[in-house]
There are 2 protein chains.
Amino acid sequence: MDATETTVITADDALRTRAIDVADRLFYTRGVQSVSMDELRSETGISLKKMYALFPSKEQIVLAVLARRHDIWTAGIADAASRVSTPRDRLLAIYDFLADWFTEDDFRGCGFINSFGELGATVPAVAEATRDQKASFQQYVAEVAAEAGAPAYLAPQLAILAEGAQTTAAISGVPDAAGQARAAAATLIDAAMGSRA
Amino acid sequence: MDATETTVITADDALRTRAIDVADRLFYTRGVQSVSMDELRSETGISLKKMYALFPSKEQIVLAVLARRHDIWTAGIADAASRVSTPRDRLLAIYDFLADWFTEDDFRGCGFINSFGELGATVPAVAEATRDQKASFQQYVAEVAAEAGAPAYLAPQLAILAEGAQTTAAISGVPDAAGQARAAAATLIDAAMGSRA
DNA sequence: TTGCGCTGAGAACGCGCGTTCTCTATAGTA
DNA sequence: TACTATAGAGAACGCGCGTTCTCAGCGCAA
């Protein structure tokens with residue numbers, strides 16, 4: 001009707017969402033390259049023709065999956081942060097969020113790290129999406145750390161702990177990595193704040 | 001001649017070594033699945049027939065590459081540790097080793113983590129090799145931490161920092177992750193030892 | 001009712017892969 | 001010298017992939 005309509009939800013949008021749901025589950029469980037477009041077709045019920053009308057290529061489906069994972073991650077961190085009141089607790093809430101995630105049945109590590117390992121070297125857009133996600137997280141940590149009045153060196157340390165916890169939990173299958181990282185984070189925060197106080 | 005000969009180096013061993021050298025470089029740079037057996041053939045000068053005489057399958061080449069990476073990693077950590085004298089310094093030497101590694105031109109993250117992301121879900125032997133490597137490292141850290149008289153909770157924290165540094169350096173391309181992890185490790189060690197002293 | 005345009009299902013295509021097969025060249029033995 | 005066994009090069013195979021093409025079916029205008 002007019003040029004400003006931006007939030008109309010079409011039937012195609014619903015199909016796109018369904019495709020991303022299914023693709024995310026399959027990609028995350030088995031890796032991108034081991035899931036064929038034909039399997040995506042049979043699992044979604046969306047024909048190949050329609051699929052290629054919704055997405056120009058498989059790569060774009062991967063990127064759409066990663067974009068949604070980014071949104072879900074950001075919302076999850078924000079939700080965990082909203083349950084506590086101090087900046088210090090908001091920093092620690094990151095690891096509580098991780099702890100919940102790690103205990104999910106289908107947890108298989110960070111989808112970005114996995115995709116980066118599989119495709120980062122050959123698909124630049126995947127490497128970029130992964131870098132963006134990590135940079136966004138690092139900036140979030142830096143902002144909350146700044147709110148807490150912590151010195152600048154603290155935030156990268158806390159981000160590294162979060163990354164390491166994800167990798168360790170994924171590979172070793174030990175969900176406790178979140179708790180270990182949380183305890184380390186608390187020590188680092190206290191040390192940083194103590195030296196400041 | 002007799003049944004006890006175990007260290008005879010044959011011409012095939014030399015070929016195997018060359019194949020592993022080349023495969024490691026290509027797999028690490030571009031990922032396993034994007035490197036074909038034919039490319040391995042042309043880069044090594046070893047015919048496909050010979051290659052399949054040396055290794056029963058591509059998967060076995062991947063596992064041989066990972067096994068050698070395990071050895072190189074272990075030797076590198078031991079070498080870094082040998083340059084210092086106290087258990088505390090041996091723990092910190094881990095991050096000095098990482099710092100050197102991260103600044104290499106072709107650094108592209110931990111080969112195990114990358115392979116795990118690419119193949120861990122579909123090739124059980126790759127997942128197992130990765131778990132073994134990480135478990136071996138965790139045990140090393142635990143041993144040195146015990147030598148230092150640190151409480152048991154310290155070692156997993158230090159291992160998580162090392163994992164996180166590798167991931168962060170690989171994705172964000174920031175070699176400084178090693179230095180940040182080292183500083184965090186020093187803080188954690190001092191806090192753990194301080195509470196013990 | 002008839003014609004027309006469009007949507008979409010799924011068959012088909014071309015390519016590249018891991019692996020195997022064939023055939024040649026050579027070295028050792030009588 | 002003649003024969004045989006072996007090794008090896010690289011052509012060939014079968015399959016599975018991402019993507020494209022064909023054609024049937026349907027809604028709508030006149």
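To find a chain, count down the sequence lines: A is the first, B the second, and so on, and within it residues start at 1.
One interatomic measurement links the two molecules: CD1 of B:Ile61 to P of C:dG18, which rounds to 9 Å at whole-angstrom precision. The CG-C1' distance, from A:Leu15 to C:dT7, rounds to 13 Å in whole Å. The interatomic distance linking B:Asp38 (CG) with D:dA9 (P) rounds to 13 Å, in whole Å. One interatomic measurement links the two molecules: CE of B:Met51 to C1' of D:dA7, which rounds to 16 Å at whole-angstrom precision. The nearest whole Å value for the distance from the CD atom in A:Glu59 to the P atom in D:dC17 is 19 Å. A:Lys50 places its NZ atom 8 Å from the P atom of C:dA9, with the value rounded to the nearest Å. Here C:dA9 presents its C1' atom at 14 Å from CE of A:Met37, a figure rounded to the nearest Å. The separation between A:Gln33 atom CD and D:dG18 atom P is 9 Å, rounded to whole Å.
Residues in residues 145-162 of chain A take part in these salt bridge (Lys or Arg N to Asp or Glu O under 4.0 Å) pairs, two or more places apart or across chains: A:Arg90-A:Glu147.
Scanning for side chain to side chain donor-acceptor pair (under 3.5 Å) contacts around B:Arg182 gives B:Asp96, with sequence neighbours left out.
Separation of the B:Trp73 and B:Phe112 ring centroids does not fall under the 6.0 Å cut-off.
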Distance-only donor-acceptor hits, side chain of residues 125-134 of chain A, under 3.5 Å, sequence neighbours excluded:
residue	atom	partner	partner atom	Å
A:Thr130	OG1	A:Val126	O	2.9
A:Lys134	NZ	A:Glu163	OE1	3.2
A:Lys134	NZ	A:Glu163	OE2	3.4

Distances under 3.5 Å between nitrogen or oxygen atoms of protein and nucleotides 12-16 of chain C:
none

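Axis angle across the helix from C:dT1-D:dA30 to C:dA30-D:dT1, with five pairs used at each end and values rounded to 10°: 30°.
Other residues sharing a hydrophobic cluster with B:Ile171 under the 4.5 Å side-chain heavy-atom criterion for ILVMFWY residues are A:Ile113, A:Phe116, A:Ile171, B:Ile113, B:Phe116.
Checked against C:dG18, C:dA9, D:dG8, the side chain of A:Ser47 finds its nearest nucleotide in C:dA9.
Residue contacts shown for B:Lys58 are limited to sugar-phosphate atoms, with no base heavy atom under 4.0 Å away.
A cation-pi arrangement is present between B:Arg69 and B:Tyr28, with the terminal nitrogen or guanidinium carbon under 6.0 Å from the aromatic centre and inside a 45° cone about the axis.
Ion pair B:Asp21/B:Arg25 not flagged as a salt bridge, since none of the NZ, NE, NH1 or NH2 atoms sits closer than 4.0 Å to an Asp/Glu carboxylate oxygen. Salt-bridge annotation for B:Asp190 and B:Arg88: present, with a side-chain N of the basic residue lying under 4.0 Å from a carboxylate O of the acidic one.
Neither OP1 nor OP2 of C:dA9 sits under 4.0 Å from any side-chain N or O of A:Lys49.
Using cut-offs of 30° and 60° for the angle between ring planes, the B:Phe107 and B:Trp101 rings count as perpendicular.
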